[in-house]
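Since the structure comes first, as structure tokens, the remarks are kept for the end.
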Amino acid sequence: MIDLWFTEKHSEGAKFSIHVKEHLYSKKSPFQQIDFFDSYEFGKFFTLDGIMMANEKDEFIYHEMITHVPLASNLDIKKVLVIGGGDGGTVRELTKYKSIEQIDMVEIDEMVVNACKKYLPLTSSKLNDKRVNLFFEDGLLFIKNKKNLYDLILVDSTDPIGPGEGLFSKEFYENCFEALTKNGILINQHESPYYPFNVREMKRSHNKIKDIFPISKVYQFHMPTYPSGHWLFGFASKGVDPLNCNSEKWNSLNLETKYYNTNIHKASFALPNYVIELLNHSNDD
Ligand code: SAM
């Protein structure tokens with residue numbers, strides 16, 4: 001039997017490997033290289049340009065934290081825009097809220113969505129909810145000239161290389177600000193404070209967002225298969241403070257979550273000193 005391992009470089013000096021049962025799919029789309037695998041430890045997973053996106057074992061952590069933190073901060077959210085998110089995990093969490101009326105998802109790569117429907121039903125199963133509208137376009141162009149439309153924008157993007165690069169630009173964040181309603185919230189994939197590449201992107205992202213939004217915070221969660229396992233989301237808003245979340249009201253919804261709860265919600269904004277220091281000096285380089 002051949003011993004197959006998927007290996008991702010997490011930094012110049014560190015690699016992460018997963019023992020693979022089977023390489024299920026390998027295709028190049030107009031935007032990126034797409035691969036699906038089955039593995040012993042993490043179940044099925046997929047990579048874009050060789051970088052882990054989602055797997056059956058830890059996807060719930062990322063998708064719950066990107067979704068429930070803003071929703072518990074404002075339970076009146078009705079219209080949501082997801083940018084990226086082709087695996088459907090973020091949409092699956094959003095559909096748990098009966099109060100949400102419209103979910104627009106803009107994914108640049110239709111091949112990612114089609115392959116996830118086939119190999120990852122765990123995340124893609126709610127993409128056919130009747131509130132969901134799928135757009136196969138570049139999120140950067142989609143958001144331009146949209147005014148006062150969405151209560152929440154979730155940027156569920158790849159790293160800032162390849163098609164995801166523009167989703168970390170100042171122009172994009174400014175367009176998101178314009179597209180949000182007066183209580184609007186923007187959550188973005190905020191990279192990680194540990195390895196140099198991720199630190200650079202984390203600082204660049206924070207530096208731009210904090211100049212545009214009156215409230216700009218960062219919260220953390222642990223993601224075993226992402227570089228260092230320590231990952232961040234940005235929480236930016238026109239006025240909603242995530243630390244004033246209504247725990248009682250959220251708990252009364254009785255939603256089923258495996259990672260998120262309202263204690264984690266508050267605690268996730270408490271950052272280690274070295275991360276605070278890096279964010280405070282985000283405009284240094
Ligand atoms: N949770 C993942 C992570 O951080 O590794 C992200 C998952 S999700 C699959 C990222 C998606 O963003 C990909 O499917 C990719 O095709 C999409 N994407 C990248 N750039 C985009 C753009 N400019 N507009 C819309 N979608 C984009």
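Any value given below was found using the heavy atoms of this structure, including those in side chains, with hydrogens, waters and symmetry copies removed. When a ligand or atom number is given, it counts from 1 through the structure's own listing order.
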* Heavy atom of the protein closest to atom 10 (C) of ligand 1 (residue, atom name, distance) ->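 The protein heavy atom lying closest is Asp156 O, 3.3 Å.
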
* To do: May I ask you to identify the nearest protein heavy atom to atom 23 (N) of ligand 1, giving residue, atom name and distance to one decimal place in Å?
  =>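 Going by distance alone, atom 23 (N) of ligand 1 is nearest to Asp138 OD1, 2.9 Å.
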
* Between Glu191 and Phe168, is a side chain to side chain contact (heavy atoms under 4.5 Å, CB included) present by the stated rule, with each step listed? -> CA-CA 11 Å; Glu191 297 288 311; Phe168 286 74; 4.0 Å; yes

* If only atom types and distance count, is the side chain of His206 paired as donor or acceptor with the main-chain N or O of Asn280 below 3.5 Å? ->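 No; judged by distance alone, with no hydrogens or angles, the pair does not exist.
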
Any atoms of ligand 1 less than 4.0 Å from a non-hydrogen atom of [X]? List them with their elements.
X: Leu167; result: 20 (N), 21 (C), 22 (C), 23 (N)
X: Val106; result: 25 (C), 26 (N)
X: Asp109; result: 16 (O)
X: Leu48; result: 13 (C), 14 (O)

Would you check whether [X] reaches within less than 4.0 Å of ligand 1, judged by its heavy atoms?
X: Ala54; answer: no
X: Gly166; answer: no
X: Met52; answer: yes
X: Glu165; answer: no

* Show the numbers, then the answer: is there a salt bridge (Lys or Arg N to Asp or Glu O under 4.0 Å) between Glu171 and Lys208? => CA-CA 9 Å; Glu171 185 199 352; Lys208 290 169 196 154; over 6 Å; no

Record the part of [X] in heavy-atom contact with ligand 1 below 4.0 Å; permitted values are side chain, backbone, both and neither.
X: Pro163; answer: both
X: Leu140; answer: neither
X: Phe31; answer: neither
X: Tyr226; answer: side chain
X: Phe46; answer: side chain

* Asked: Could you go step by step and tell me if Ser125 and Lys117 meet the side chain to side chain donor-acceptor pair (under 3.5 Å) rule?
  -> CA-CA 7 Å; Ser125 59; Lys117 282 184 177 163; over 6 Å; no

Within the supplied structure, the quantity of interest is the number of heavy atoms (other residues, nucleotides, ligands) at a distance under 6.0 Å from [X] [atom1]; does it exceed 12?
X: Lys21; atom1: NZ; answer: yes
X: Lys15; atom1: NZ; answer: no
X: Phe172; atom1: CZ; answer: yes
X: Lys78; atom1: NZ; answer: yes

Please work out which of [options] has its closest non-hydrogen atom nearest to [atom].
atom: atom 12 (O) of ligand 1; options: Gly84, Gly164, Ser29; value: Gly84
atom: atom 9 (C) of ligand 1; options: Asp159, Asp87, Thr90; value: Asp87
atom: atom 13 (C) of ligand 1; options: Gln189, Glu107, Met223; value: Glu107
atom: atom 25 (C) of ligand 1; options: Ile108, Leu141, Ile66, Thr158; value: Ile108

* Asked: Where do Leu24 and Tyr119 come nearest, in terms of heavy atoms and distance?
  ->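 Result for this residue pair: O-OH, 3.5 Å.
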
* SB check Asp35 Lys27 (cutoff 4.0 Å) ->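 Salt bridge absent between Asp35 and Lys27.
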
* Is Gly139 in polar range of ligand 1, meaning some N or O pair under 3.5 Å apart? ->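 Looking only at distances, the answer is yes, because the N/O contact criterion of under 3.5 Å is met.
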
* Asked: Step by step, would you call Glu8 with Thr225 a side chain to side chain donor-acceptor pair (under 3.5 Å)?
  -> CA-CA 10 Å; Glu8 180 181 330; Thr225 54; over 6 Å; no

* Asked: Quick one: do the Tyr173 and Ser205 side chains pair a donor with an acceptor below 3.5 Å?
  ->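 There is such a pair between these side chains.
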
